[in-house]
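The structure appears below as structure tokens.
So you know, we letter chains A, B, ... as the sequences are listed, proteins then strands, and number each from 1. Because the structure is predicted, anything quoted here is derived from the model rather than measured.
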Number of protein chains: 2
Amino acid sequence: MRIGELAAATGVEPETIRYYEREALLAPPQRQANGYRDYGKQQLERLAFIRHCRALDIPLADIRQLINFLDQPDGDCGDIDRLIHAQLVRVRARLQSMRALEQQLTELRKRCDSRHAMTECGILHELVAAAHGEACICHGEFPITPIKP
Amino acid sequence: MRIGELAAATGVEPETIRYYEREALLAPPQRQANGYRDYGKQQLERLAFIRHCRALDIPLADIRQLINFLDQPDGDCGDIDRLIHAQLVRVRARLQSMRALEQQLTELRKRCDSRHAMTECGILHELVAAAHGEACICHGEFPITPIKP
DNA sequence: CTTGACCCTATAGTGACTATAAGGTTTTAA
DNA sequence: TTAAAACCTTATAGTCACTATAGGGTCAAG
């Protein structure tokens with residue numbers, strides 16, 4: 001299987017496949033006589049595994065870990081659980097802040113329900129008010145807060 | 001006001017302030033005799049405005065736009081509304097996929113409620129099953145799907 | 001007079017790709 | 001048969017919004 005076929009089979013761009021190889025998530029494949037990469041079914045499954053993990057937003061470094069776990073089948077399963085749990089914690093934190101964000105933007109948008117001149121735009125007004133240190137619909141009494149990672 | 005004071009006043013790191021200047025979100029400030037940046041109240045408010053927008057996860061390019069709008073007060077307010085709306089659409093899309101993600105990870109974690117050997121770990125099992133193209137708790141019948149941006 | 005806290009610029013690193021340049025090979029169509 | 005297109009190769013740079021580092025200059029306190 002050439003890289004393009006693998007790409008078509010998995011929905012992963014050839015560039016990305018080569019990137020995974022550079023990042024040591026995929027082993028360097030065999031080469032055809034002309035130097036083209038030659039993949040087998042095993043490689044396809046590994047790539048599918050990676051993509052499945054990525055669909056769960058698991059970072060590449062963690063996927064590398066999971067692959068290591070796969071290769072040593074007598075290890076402790078607790079490591080895997082911890083890894084997935086950590087991911088869940090990350091996702092929940094992000095979810096929290098996204099929910100707040102949606103609220104804030106929805107509120108903000110209500111401030112400008114029809115066309116005004118810029119100077120009378122409720123949205124811009126709110127944004128500027130916040131910049132003056134006033135309480136705002138978005139962030140209450142303390143408008144300027146450090147952004148969480 | 002020196003850059004450190006501005007940083008303390010806004011909770012933005014000096015590095016980040018200099019970065020905003022390079023990115024033309026903040027005008028180059030006056031300089032003291034020794035070459036140190038010298039900020040006034042206006043600059044502080046502009047920085048607060050930027051941070052407030054960033055707290056709403058608005059990209060720097062869009063903030064540049066908003067600043068342009070601020071500087072021409074006779075423009076059309078509809079542009080602002082469109083910009084905020086676009087941001088809301090982005091946030092909602094991301095929120096959707098984060099919700100799904102939480103579900104999937106929660107389900108996945110249920111597969112391994114106690115300590116097993118690696119080979120019997122339900123989590124790893126599910127992940128590998130998906131890689132084989134089987135239906136999975138995470139993604140149903142079509143486990144490998146392109147990731148949305 | 002030296003230590004430490006600031007400030008300056010320029011450059012590189014982060015994560016997970018994505019795009020480009022500059023070339024080689026293979027397949028397809030005229 | 002030949003020429004174009006569609007593929008492959010490597011290496012390098014760009015994306016976003018910072019963050020960190022290197023290598024220096026300035027300034028007040030002890």
(message) Using a 4.0 Å heavy-atom cut-off, does A/Pro14 contact any base of the nucleic acid, only the sugar-phosphate backbone, or nothing at all?
(response) nothing
(message) So A/Arg18, base contact, sugar-phosphate only, or nothing? Heavy-atom distance under 4.0 Å.
(response) base
From [options], pick the nucleotide closest to the side chain of [X]?
| X | options | answer |
| --- | --- | --- |
| A/Arg54 | C/dT20, D/dC18, C/dA16 | C/dA16 |
| B/Tyr36 | C/dC17, D/dC7, C/dC7 | C/dC7 |
| B/Arg2 | C/dC6, D/dC18, C/dT18 | C/dC6 |
| B/Arg37 | C/dT9, D/dC18, C/dC17 | C/dT9 |
| A/Asn34 | C/dT9, C/dT25, C/dA16 | C/dT25 |
| B/Thr16 | D/dC18, C/dA16, C/dC8 | D/dC18 |
| A/Leu60 | C/dT9, C/dC17, D/dT10 | C/dC17 |

(request) Between A/Ala33 and A/Pro59, just flag the one whose closest nucleotide in DNA chain C comes earlier from the 5' side. (result) A/Pro59
(message) Is it the case that atom CD in A/Gln42 sees more than 12 heavy atoms from other parts of the structure closer than 6.0 Å?
(response) no
(request) To the nearest 10°, let me know how far the axis at one end of the helix from C/dC1-D/dG30 to C/dA30-D/dT1 is tilted from the axis at the other, five pairs an end. (result) 20°
